[in-house]
Structures are given as C-alpha cells and as structure tokens.
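If you're wondering where the values come from, they're calculated on a predicted model, not measured in any experiment.
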Amino acid sequence: MWQLADKSLSSRLLIGTALYPSPDIMCQSIQASASQVVTVSLRRQNPQNADGEDFWNLIQSMNLNLLPNTAGCHSVSQAVTTAQMARELFGTHWIKLEVIGDEYNLQPDPFGLLEATKELVAQGFEVFPYCTDDLVLCEKLVEAGCQILMPWGSPIGTGKGLMNPYALRTLRERLKDITLIVDAGIGAPSHAVEAMQLGFDGVLLNTAVAQASDPVVMARAFNLAVQAGRMAYQSGMIPERDLAQPSTPTIGTPFWQQ
C-alpha cells in the first residue's frame with residue numbers, strides 16, 4: 001500500500017479515460033491495469049450533459065478515485081474556473097492542474113502553472129501539477145503547497161519515454177518527501193519500469209494503452225511493469241561498471257587434469 005494525498009492505494013499506476021476505441025474497451029483496460037485512479041477531463045466529459053451521462057455512469061460503476069484535469073486550459077483563469085467546476089461536478093478536491101504554454105509540444109506554462117497552483121491551494125484543492133522536469137519550478141510548486149508533482153517524461157502522446165533521466169533522478173534526490181509521478185510521454189512498459197526504478201512513486205499514462213493494438217493486454221503489461229520497476233528499486237540494483245566483473249570468481253576454482 002502507498003499513500004496518495006488522502007487515499008491509501010495498492011496500485012501505483014494511474015490511467016486516463018480518453019482515446020479508447022469504445023467505452024467497453026476502456027472499462028476492460030482500466031480493470032486490466034488494476035489502477036485505482038483515473039483521470040477525467042471536464043472539457044470532454046461533463047456528467048451534467050447528455051453526451052457525458054453514459055460515460056459518467058460507467059466511471060461511477062467502477063468505484064474508482066477520480067482525478068479531474070484542466071486539459072486544454074491555456075490561462076490561469078481558465079484553469080482555475082475549470083478546477084472549480086470539476087470539484088462541484090465530480091465531488092473531489094483533487095485536481096490535475098494543466099496550464100498549457102505551447103501548442104506544438106503541449107509544454108506546461110511554468111509561470112501560469114505556479115500562479116494557478118497558489119490560487120487553487122488557497123481554495124483547498126489538492127493540486128497535482130503537470131509540470132516539466134525543471135528543478136527550480138518543482139521547488140517553487142512545493143513552496144506553493146504541493147505535496148504531489150507530476151513531471152513529464154516527454155511531451156504528451158509522443159511515446160518517447162524518459163528523455164531526461166538525469167533531471168528526473170535529480171528531482172527524486174532533492175525532493176525526498178514529495179510524491180513524484182511521471183506523467184506524459186510514456187510509450188512502452190519498459191519506460192514505466194525505468195521511471196519506477198528511479199524511485200518515482202507512480203506513473204500516469206493514457207495514450208500508450210488506449211491506442212495500442214490491444215489496449216486490454218497493454219494495460220495488463222503496464223500493471224506488471226510498474227510493479228517490476230518498484231520491486232527493482234526497493235531491492236537495490238547493482239551500480240553500472242565500466243569494466244567486466246565475473247559472476248564466478250576464478251580464485252579457488254577447482255580444475256581437473258585428465
């Protein structure tokens with residue numbers, strides 16, 4: 001078990017609800033992932049609208065923890081308003097805060113993100129900021145009241161994995177008491193293993209499962225990958241070496257003459 005904000009969870013995989021071929025495949029994939037937290041976008045799925053009612057009923061039936069996001073917001077005012085609406089509609093003070101600064105790579109706007117974070121923390125939200133791997137920005141977000149950070153591995157939907165492992169490793173070493181979840185850019189189970197081996201607390205992904213040829217099997221693969229990476233981190237991996245070292249020592253090895 002691990003603690004995510006005010007919830008005790010067994011799975012360290014968080015998963016999105018967009019882009020699946022069908023609602024049924026979405027449900028099967030989430031179940032196969034064993035995730036207990038799903039992200040939902042107010043801009044795509046409003047439970048008070050007729051077009052979002054079926055989706056909302058499905059999500060409710062799965063008894064999951066909801067993490068609404070402010071996807072598509074490009075300003076502080078948009079993000080804050082969307083977060084307020086999400087809290088009212090979805091009944092949770094959790095919010096995955098996104099303030100996009102660039103349309104090309106969907107990189108977060110660090111200045112807008114920090115400003116919106118301060119405002120939402122003051123309003124009682126548990127803010128999960130989607131941010132870059134910049135150490136100074138992450139430290140400022142922590143100073144603003146965040147106990148959870150969600151730095152990207154690479155730009156959203158690219159599947160490039162961890163483009164800057166050094167920066168992510170630095171975040172883990174410097175922010176020892178902060179929950180860190182790699183969000184965005186994860187494309188393969190091996191990427192999830194790598195993130196967990198760095199000591200991150202969890203992984204959030206969507207596209208890698210939803211757009212796989214078989215989303216249900218891929219979800220199961222990511223479930224196992226996150227578990228394997230966490231176990232490897234906890235068990236203590238050997239350091240990399242420049243020189244080969246035999247696993248069987250030669251001193252004291254018996255030999256026989258014919």
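Take W152 and apply the ring-ring contact (aromatic ring centres under 6.0 Å, His included) test, not counting sequence neighbours, and it matches no residue. Partners of N105 by side chain to side chain donor-acceptor pair (under 3.5 Å), not counting sequence neighbours, listed by chain and number: Q107.
Side chain of T158 to backbone of P155: a donor-acceptor contact under 3.5 angstrom is found. Under a 3.5 Å cut-off, the side chain of S35 and the backbone N or O of I30 do not form any donor-acceptor pair. Between the side chain of E194 and the main chain of S190, no donor-acceptor pair closer than 3.5 Å is present. R172 contributes no side-chain N or O that, together with a main-chain N or O of L198, makes up a donor-acceptor pair within less than 3.5 Å. Side-chain atoms of S75 come within 3.5 Å of backbone N or O of Q78 as a donor-acceptor pair.
Contact of the I59 side chain with the M26 side chain is registered, since non-hydrogen atoms from C-beta on lie closer than 4.5 Å. For the pair C138 and L175, the minimum side-chain heavy-atom distance is below 4.5 Å. Looking at P110 and C131, their side chains never come closer than 4.5 Å, going by heavy atoms from C-beta outward. Residues I15 and N206 are not in side-chain contact: their nearest non-hydrogen atoms beyond the backbone lie 4.5 Å or more apart. At a threshold of 4.5 Å between non-hydrogen side-chain atoms, the residues T92 and R87 do not count as touching. The side-chain heavy atoms of V142 and L149, taken from C-beta on, include a pair separated by under 4.5 Å. Counting heavy atoms from C-beta outward, D214 and V216 have side chains that approach closer than 4.5 Å. Between L162 and S154 there is no side-chain heavy-atom pair separated by less than 4.5 Å.
Across all their heavy atoms, P215 and A212 have their closest contact at CD-O, 3.5 Å. The shortest heavy-atom contact between T39 and T17 is O-OG1, 2.8 Å. Nearest heavy atoms, P23 versus L58: CB-CD1, 3.4 Å. Looking at every heavy atom in both residues, Q123 comes nearest to V80 through NE2-CG1, 4.0 Å. When all heavy atoms of T207 and G157 are compared, the closest pair comes out as OG1-CA, 4.1 Å. Considering all non-hydrogen atoms of both residues, V76 and G112 come closest at CG2-O, 3.4 Å.
A chain of hydrophobic side-chain contacts below 4.5 Å, direct or via other Ile, Leu, Val, Met, Phe, Trp or Tyr residues, connects L89 to M62. In the hydrophobic cluster analysis, where Ile, Leu, Val, Met, Phe, Trp and Tyr join through side-chain heavy atoms closer than 4.5 angstrom, L137 is grouped apart from I156. By the criterion of side-chain heavy atoms lying less than 4.5 angstrom apart, applied directly or through intervening Ile, Leu, Val, Met, Phe, Trp or Tyr residues, I95 is grouped together with L114 in one hydrophobic cluster. Each of I186 and L106 belongs to its own hydrophobic cluster when Ile, Leu, Val, Met, Phe, Trp and Tyr are linked at side-chain heavy-atom distances under 4.5 angstrom. Linking ILVMFWY residues whenever their side-chain heavy atoms come closer than 4.5 Å, directly or via other members, places V203 and L66 in the same cluster.
Enclosure of atom CG in D6 by more than 12 non-hydrogen atoms of other residues, nucleotides or ligands within 6.0 angstrom is indicated.
S11 and Q36 share no side-chain donor-acceptor pair at under 3.5 Å.
In this structure, I148 belongs to a hydrophobic cluster whose other members, linked by side-chain heavy atoms under 4.5 Å apart, are W2, L4, L9, L14, V37, L67, W94, F128, M150, I181, L204.
The salt bridge (Lys or Arg N to Asp or Glu O under 4.0 Å) analysis of residues 93-117, with sequence neighbours excluded, yields the pairs K96-E98, K96-D183. Pairs engaging residues 125-150 under the side-chain hydrogen bond (donor to acceptor under 3.5 Å, both in side chains) rule: E139-R174 [sequence neighbours left out].
If you take CE on M1 and OG on S8, they are separated by 5.0 Å, rounding to the nearest 0.5 Å. Summarising the geometry, atom OG1 belonging to T179 is positioned 5.0 Å from atom CG belonging to D201; distances are rounded to the nearest 0.5 Å. L97 contributes atom CG, which lies 10.0 Å from atom OG1 of T82 (distance to the nearest 0.5 angstrom).
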May I have the step-by-step check of side-chain contact (heavy atoms from CB on, under 4.5 Å) for I100 and C73, ending in yes or no?
CA-CA 6 Å; I100 301 302; C73 292; over 6 Å; no
Quick one: side chains of residues 217-238, donor-acceptor pairs under 3.5 Å with protein atoms, not counting sequence neighbours, listed by atom name and distance.
unit_1 : atom_1 : unit_2 : atom_2 : d
N223   : OD1    : Q227   : NE2    : 2.9
S235   : OG     : M231   : O      : 3.0
S235   : OG     : A232   : O      : 3.0

